[in-house]
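Quick notes on the structure that follows.
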Amino acid sequence: MGYSNELLRSEIVAMADNDLSVREQLIADGSLTSQGYHPLMEAVHKKNASRLALIIDRYGWPGISLVGEDGARAAWLIAQLAIGNPPFMRRCLALLKQAASENEAPRWQPATMEDRIRMYEGRPQTYGTQFQPDKNGEFVPYTIENPKGVNDRRRAVGLNTLEEKIAEIREQSAGEKVPLP
């Protein structure tokens, strides 16, 4: 198994799966972006963040040795989507940085969390992980600080090049026309 808490892993994965399922339903009916932050999506994000906060209070960051790779990735996703709770996102960023330094989370997870927080604060991102649609609906990276060094920074945390990511994002989002988490 490789991790110690199957029940917790199952719960965290189910929370992330529910989030993605609700998102897919809202994309399918066209309502995800029609009214800003969709109230149903917001409710899911708040509920998941609240539960993840309780889990963190009890166990610390749910890293790989506690909940496995898929459970740790699900915890990261829940934290990434807690956009209505910036203090919680900052708390998770600090915990993710520590977890990555202990090989309990991949290095790209705190990098993407940091970029997401920077974007929501109106600051340039570091790693080029956050995208937004331009005026033509094409996904482009949100403003990047020191863009010349972005691919070196991306490689240092285990990410592909920005150019490769742009191609992936555009292919993945072709049918959605909404920003990806």
Side-chain angles (χ1 to χ4, degrees), residues 1-24 41-121 123 125-131 141-142 144-145 149-162 164-165 168-169 172-173 179-181:
M1 187 160 73
Y3 54 91
S4 65
N5 196 322
E6 173 58 30
L7 191 60
L8 188 60
R9 183 204 72 79
S10 295
E11 179 184 2
I12 294 170
V13 169
M15 289 174 6
D17 286 350
N18 178 60
D19 182 289
L20 296 173
S21 175
V22 169
R23 182 177 185 276
E24 287 175 15
M41 198 80 265
E42 182 180 13
V44 170
H45 291 164
K46 283 182 176 181
K47 179 181 176 189
N48 285 350
S50 177
R51 178 63 184 133
L52 183 59
L54 293 173
I55 290 168
I56 289 169
D57 289 344
R58 181 168 179 191
Y59 298 97
W61 183 257
I64 295 168
S65 65
L66 181 65
V67 294
E69 287 187 28
D70 61 341
R73 187 179 194 291
W76 162 81
L77 179 66
I78 292 165
Q80 276 282 100
L81 296 174
I83 60 176
N85 191 342
F88 177 68
M89 290 180 76
R90 281 189 208 86
R91 178 183 180 204
C92 289
L93 174 58
L95 294 169
L96 268 168
K97 285 181 177 180
Q98 181 65 36
S101 76
E102 298 169 354
N103 295 318
E104 286 292 324
R107 294 183 321 266
W108 61 263
Q109 288 182 353
T112 57
M113 178 72 73
E114 183 176 333
D115 276 359
R116 194 160 183 88
I117 290 169
R118 285 171 159 262
M119 181 182 76
Y120 282 110
E121 291 176 344
R123 298 184 296 136
Q125 61 180 325
T126 303
Y127 300 94
T129 63
Q130 303 301 299
F131 286 73
Y142 177 74
I144 300 170
E145 188 173 82
V150 72
N151 282 331
D152 291 336
R153 292 189 301 276
R154 289 177 65 86
R155 278 190 287 277
V157 297
L159 294 169
N160 60 359
T161 68
L162 185 60
E164 291 166 336
K165 189 61 181 178
E168 287 175 12
I169 291 283
Q172 182 180 6
S173 64
L180 299 172

From R155, K165, R154, residue fulfilling side chain to side chain donor-acceptor pair (under 3.5 Å) relative to N160:
R154

Using a strict threshold of under 4.0 Å (side-chain N to carboxylate O), is an ion pair present between E145 and R123?
no

Calculate, to the nearest 0.5 Å, the distance between atoms NE2 and CD1 belonging to H45 and I83 respectively.
6.5 Å

Separation of M89 CE from E114 CD (nearest 0.5 Å):
11.5 Å

CD/Q80 to CG/L96 distance, rounded to the nearest 0.5 angstrom?
8.5 Å

Stepwise, does the salt bridge (Lys or Arg N to Asp or Glu O under 4.0 Å) test hold for D57 with R91?
CA-CA 11 Å; D57 289 344; R91 178 183 180 204; 2.6 Å; yes

Of all heavy-atom pairs between A99 and W61, which one has the smallest distance, and what is that distance?
CB-CD1, 3.8 Å

Euclidean distance, I64 CD1 relative to E104 CD, rounded to 0.5 Å
6.0 Å

All heavy atoms of D115 vs all of G128, minimum pair found to be OD2-N, 3.0 Å

Shortest non-hydrogen pair, M41 vs D19, comes out as CE-O, 3.5 Å

For G63 against A72, the heavy-atom pair lying closest together:
C-CB, 4.0 Å

CD1 of I169 to CD of E164, rounded to nearest 0.5 Å, is 13.0 Å

Please step through side chain to side chain donor-acceptor pair (under 3.5 Å) for the pair R116 and Q130, ending with a clear verdict.
CA-CA 6 Å; R116 194 160 183 88; Q130 303 301 299; 2.9 Å; yes

Side chains of E121 and R90 in contact at under 4.5 Å (non-hydrogen atoms):
yes

Can you name the nearest heavy-atom pair linking I56 to C92, along with the distance?
CD1-SG, 4.0 Å

Looking at side-chain heavy atoms only, is the closest gap between Y127 and T112 below 4.5 Å?
no

Is it the case that the side chain of Q125 and the backbone of Y142 share a donor-acceptor pair, with hydrogens and angles ignored and the cut-off at 3.5 Å?
yes

Here the pair of heavy atoms bringing V67 nearest to N5 is CG1-O, 4.3 Å

Does the ring centre of W76 sit less than 6.0 Å away from the ring centre of W108?
yes

Here the gap from L8 atom CG to R58 atom CZ, rounded to the nearest 0.5 Å, amounts to 8.5 Å

Has the side chain of S50 got a donor or acceptor atom that lies under 3.5 Å from a matching backbone atom of K47?
no

Close side-chain approach of I12 and D70, heavy atoms under 4.5 Å
no

Strictly below 4.0 Å, N to O, side chains only: are E42 and K46 in salt-bridge contact?
yes

